[in-house]
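For reference, the structure discussed in these notes is given below.
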Amino acid sequence: MAQIIDGKAISLAIKDELKEKAAKLKAEGTEVTLAVIQVGNNPASTVYVRNKKKGCEYIGIGSLSYELPEETTEEELLSLIRELNGRKDVNGILVQLPLPAHIDENKVIRTINPKKDVDGFHPESVGALCIGQPGFVSCTPAGVIELLKRSGISIEGKECVILGRSNIVGKPMALLMLRENATVTVAHSRTANLKEVAKRADILIAAIGKPKMITREYVKEGAVVIDVGINRDADNKLCGDVDFDDVAEICSAITPVPGGVGPMTIAMLLNNCIQSVELQK
Ligand SMILES: Nc1nc2c(c(=O)[nH]1)N[C@@H](CN(C=O)c1ccc(C(=O)N[C@@H](CCC(=O)O)C(=O)O)cc1)CN2
């Protein structure tokens, strides 16, 4: 039976480490504060935003909450971000995604001061990652790397196949895997012979947004399988992109959904908030 990678336990260990770092910063007179902006009432976003604020409280840093109505204009949102960019008492700015359709997500991300971009979505942050310079790293892919390392799974020299090429997960995931000296393939909906490509992976990362699409036919025996998907199945139950019960029988290690990559996203956001102090010096 495969090793089940416990993202909940690993994220808790990280948060406990961050709690100590935050206390040390406080003792030195440095307060850390995250500004969290949500536009509209997407129920999943409300849960994630609540958990991010709870995480700040747990590790002992401040959070400022901006819950804006669905009708908020793009200019109103941009002007709030500009105000927060200029505030010395705000270290990190996070705009919860997705945004309502009338707001240009890219414009919003570009308006955040890259030194406060704790989501790691700004083109400057992505560019820094690409050329190996210091900067914020997108939280979900950073969480995957931490999960692997803390589970004793080596990355160097491994064949890694990433299913999905989104700006938030697939692309930064590929850059991080390269930084760890893996051999990386990014596959997607137009990839020919997807099953064969996926089957080459020692480490298979699924980030495609299709409930339980990845069955054992996509997985090499003994591979490590990381499931980034968060979907609802036909019974409205939370599930990943991987058919867990089917794949767990043939792989060597696997992340569950819930309780795998998801909690790591929040732990890595808190890590970026603590790191913001260094980057802002
Ligand atoms: N500004 C951002 N927006 C979004 C991000 C992001 O990193 N920054 N990522 C996702 C949503 N997300 C964080 O915001 C996120 C998703 C899932 C989880 C999580 O802990 N999932 C749990 C299940 C929770 C549930 O019951 O629904 C799990 O997998 O165990 C945390 C954060 C899109 N938007």
Side-chain angles (χ1 to χ4, degrees), residues 4-12 14-15 34-56 58 63 65-68 77 80-81 84 92-100 103 105-112 114 116-122 125-126 129 136-147 164 166-173 176 205-209 211-212 226-233 235-242 244 254-273 276:
I4 313 290
I5 300 175
D6 186 346
K8 221 169 166 186
I10 295 174
S11 69
L12 188 59
I14 293 172
K15 285 193 279 187
L34 170 67
V36 181
I37 305 172
Q38 182 183 355
V39 186
N41 315 307
N42 178 315
S45 291
T46 303
V47 173
Y48 303 144
V49 161
R50 192 188 312 133
N51 288 342
K52 288 173 186 187
K53 289 187 283 189
K54 271 195 198 161
C56 289
Y58 183 84
S63 67
S65 190
Y66 297 87
E67 284 155 29
L68 308 182
L77 177 57
L80 170 61
I81 294 171
L84 295 168
I93 302 169
L94 175 156
V95 180
Q96 187 62 32
L97 302 180
L99 285 166
I103 299 180
E105 202 170 282
N106 286 322
K107 206 165 171 184
V108 169
I109 290 169
R110 278 200 310 273
T111 303
I112 297 172
K116 299 190 178 185
D117 172 39
V118 284
D119 256 330
F121 295 163
H122 192 284
S125 306
V126 181
L129 174 62
F136 293 110
V137 176
S138 177
C139 305
T140 301
V144 170
I145 299 286
E146 267 316 294
L147 270 185
S166 70
N167 290 339
I168 294 180
V169 180
K171 288 175 193 159
M173 192 73 252
L176 282 177
I205 301 177
I208 34 186
K212 299 188 185 177
I226 304 292
D227 192 352
V228 178
I230 298 178
N231 314 293
R232 297 268 166 191
D233 68 12
D235 304 322
N236 206 31
K237 241 182 90 194
L238 210 61
C239 70
D241 293 345
V242 176
F244 182 91
I254 186 165
T255 58
V257 177
V261 175
M264 293 298 289
T265 299
I266 295 184
M268 300 321 286
L269 168 73
L270 300 170
N271 184 55
N272 282 351
C273 291
S276 70

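Order of appearance sets the numbers: ligands from 1, and atoms from 1 within every ligand. Positions are given from 1 along the sequence. These numbers come from the heavy atoms of this one structure, side chains and all, not from hydrogens, waters or symmetry mates.
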Worksheet entry | atom 10 (C) of ligand 1: the protein heavy-atom neighbour that sits closest, reported with distance to 0.1 Å | Gln96 NE2, 4.7 Å
Worksheet item: Within the structure, does Val95 bring an N/O atom to less than 3.5 angstrom of an N/O atom in ligand 1?
Response: yes
Worksheet entry | Identity and distance of the protein heavy atom lying nearest atom 34 (N) of ligand 1 | Leu97 O, 3.0 Å
Item to complete: Determine yes or no for a side-chain-to-main-chain donor-acceptor pair under 3.5 angstrom, with Asp117 supplying the side chain and Phe121 the backbone.
Response: yes
Item to complete: Report, in ascending order of atom number, the atoms of ligand 1 lying under 4.0 Å from any heavy atom of Ile230.
Response: 16 (C), 17 (C), 21 (N)
Item to complete: Go through the structure and list residues passing salt bridge (charged side-chain N to carboxylate O under 4.0 Å, His left out) with Lys107, not counting sequence neighbours.
Response: Glu74
Practice prompt. Look only at the side chain of Thr255 and the backbone of Asp227, and say whether a donor-acceptor pair between them is shorter than 3.5 Å.
Written response: yes
Worksheet item: Checking side chain to side chain contact (heavy atoms under 4.5 Å, CB included) for the pair Asp119/Ile109: CA distance, chi angles, key distance, verdict?
Response: CA-CA 9 Å; Asp119 256 330; Ile109 290 169; over 6 Å; no
Worksheet item: Do other residues, nucleotides or ligands put more than 12 heavy atoms under 6.0 Å from the NZ atom of Lys212?
Response: no
Discussion item. Using a 3.5 Å distance criterion without hydrogens, assess whether the side chain of Lys116 forms a donor-acceptor pair with backbone atoms of Leu84.
Written reply: yes
Discussion item. Please list the nearest protein heavy atom to atom 1 (N) of ligand 1 with its residue and the distance rounded to 0.1 Å.
Written reply: Asp119 OD2, 2.6 Å
Practice prompt. Consider ligand 1: state whether an atom of it lies below 4.0 angstrom from any non-hydrogen atom of Pro263.
Written response: yes
Worksheet, complete the sentence: In terms of its nearest heavy atom to atom 24 (C) of ligand 1, the top option of Thr140, Val169, Leu238, Asn42 is Leu238
Worksheet item: Do the side chain of Ser138 and the main chain of Ile168 share a donor and acceptor less than 3.5 angstrom apart?
Response: yes
Item to complete: With heavy atoms under 4.0 Å as the rule, classify the contact between Lys52 and ligand 1 as side chain, backbone, both or neither.
Response: side chain
Worksheet entry | Heavy-atom donor-acceptor pair, Asp241 side chain to Gly209 backbone, under 3.5 Å | yes
Discussion item. Suppose we screen for side chain to side chain donor-acceptor pair (under 3.5 Å). Which residues come up paired with Asn272, at least two apart in sequence or across chains?
Written reply: none
Response to the item:
Heavy-atom proximity to atom 20 (O) of ligand 1 ranks first, among Ala267, Gly262, Ala142, Ser45, for Gly262
Worksheet, complete the sentence: Per-atom filter on ligand 1: closer than 4.0 angstrom to a heavy atom of Gly259 are 28 (C), 29 (O), 30 (O)
Practice prompt. Around atom 32 (C) of ligand 1, find the nearest protein heavy atom and jot down its residue, atom name and distance.
Written response: Tyr48 CD2, 3.8 Å
Item to complete: May I ask you to check whether Cys139 has an N/O atom sitting below 3.5 Å from an N/O atom of ligand 1?
Response: no
Worksheet item: Using heavy atoms and a threshold below 4.0 Å, how should the contact between Thr265 and ligand 1 be classified: side chain, backbone, both, or neither?
Response: side chain
Fill in: Proximal atoms of ligand 1 relative to Pro258 (non-hydrogen, under 4.0 Å)
28 (C), 29 (O), 30 (O)
